[in-house]
Amino acid sequence: MKKKQFETEAIRTQMERSQYLEHSTPMYLTSSFVFEDAEDMRASFAEEKERNIYSRYSNPNSSEFIEKVCKMEGAEDGFAFASGMAAVFSTFAALLESGDHIISCRSVFGSTHSLFTQFFPKWNINTSYFNINEVDTIEGLITPKTKILYAESPTNPGVDILDLEVLGAIAKKHNLIFIVDNCFASPYLQQPMKFGAHLVIHSGTKLMDGQGRVLAGITVGGKELMEKVYRFSRITGPALSPFNAWVLSKSLETLSVRVDRHCENALKLAQFLEEHPKVNWVKYPFLKSHPQYEIAKRQMKAGGCVVAFDVKGGVEAGRKFFDAIKLLSLSANLGDARSIVTHPASTTHSKLTTEERLGAGITDGMVRVSVGLEHIDDIIADIDQALA
Ligand SMILES: *Cc1c(COP(=O)(O)O)cnc(C)c1O
């Protein structure tokens, strides 16, 4: 049969129906599965059969969620995790040996940055960083021990765009494993494997759930690398709960519709802020003024849900702005139906040094807005009155 469209796969990828012929996938809240007899049990544990044994290894709800994301990303296999960070940690831990070296974009998610700087060095795994606008410095950072090239695009919280095709070509030339955290784009807007990524990581907590209910993470990619991630994860136990997997698989049914509206609202807010006298600068990937607008247009379907801008007057003005916000939430999540504003310099990225912060494009007055699904007029009105 002809390959179906994204929206159709998101809805129609479904586990086998049970004897009750349910229309919508039920929840399989079970920690383990039973065997017919001794031989069945032996063969199952010997992995001569592909079947569920224990929910730390696999569960029908997780498998449905994984299969959907694999189809969306064009991947062969995947593993679902209890959180995005469990996915990031387990993926790296499964692939790296003591002494190995990572090259990462400087502006990565705060906890990922902490993992690289505070924990991996304990196991003699070190990371070198490149700045967003200095992709040409990457090759100079490569050592005989370099194993992974890691990037996020759009970046958090600066919404900068990295040219995934360029990174993919570097990884290929030097035989590196290219891993992309695709959380800010969602698989609906961008599929990094088309540009040479070997593995794609998502925090399912963000746009995938989209309603701020559950934590989740997922890694998908080629069979060989995923086998290593699976072996590590099956033993160490970061698996996603079947309940959360069920929630996420349902959420993916509406991903395209939600993300379309997120992007439409975000672009309108960005255009409004661009004209605002109290705003120093606005960054949104699909604004013509964005420094990597052309790259964004090439690799993304739309600009995503996050808009970054800088309030005139630095920290003090920023503080006043947050205290004046009425409708929007002051919260750490993003990709939620509810619009959220955060101040990265004093919250998510406060543990970075000033130099690291500026390297990641985070200024003192910078506000990150995760534009939600409320009516755009109400979102703009709240931000406008807070700026006033
Ligand atoms: C939130 C986030 C993560 C971590 O995901 P959790 O589900 O919170 O553990 C990783 N990367 C990016 C880009 C994120 O936004």
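All ligand and atom numbering here is 1-based and tracks the order in the structure.
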Query raised in the report: Are the aromatic rings of Phe309 and Phe272 close, with centres under 6.0 Å apart?
Result: no

**Report entry** Test ring-ring contact (aromatic ring centres under 6.0 Å, His included) applied to Phe109 - qualifying residues, sequence neighbours left out
**Finding:** none

Query raised in the report: Taking the six-membered ring for Trp, are the ring centroids of Phe92 and Phe119 within less than 6.0 Å of each other?
Result: no

**Report entry** Distance flag, aromatic centroids of Tyr129 and His113, threshold under 6.0 Å
**Finding:** yes

Report task. Please confirm whether Phe81 and Phe79 have ring centers closer than 6.0 angstrom. Result -> yes

Query raised in the report: Who are the residue neighbours of ligand 1 when the rule is a heavy atom under 4.0 Å from any of its atoms?
Result: Ser83, Gly84, Met85, Phe109, Glu152, Asp181, Cys183, Phe184, Ser203, Thr205, Lys206, Ala216

Query raised in the report: Is a salt bridge present between Glu294 and Arg298, judged by a nitrogen-to-oxygen distance below 4.0 Å?
Result: no

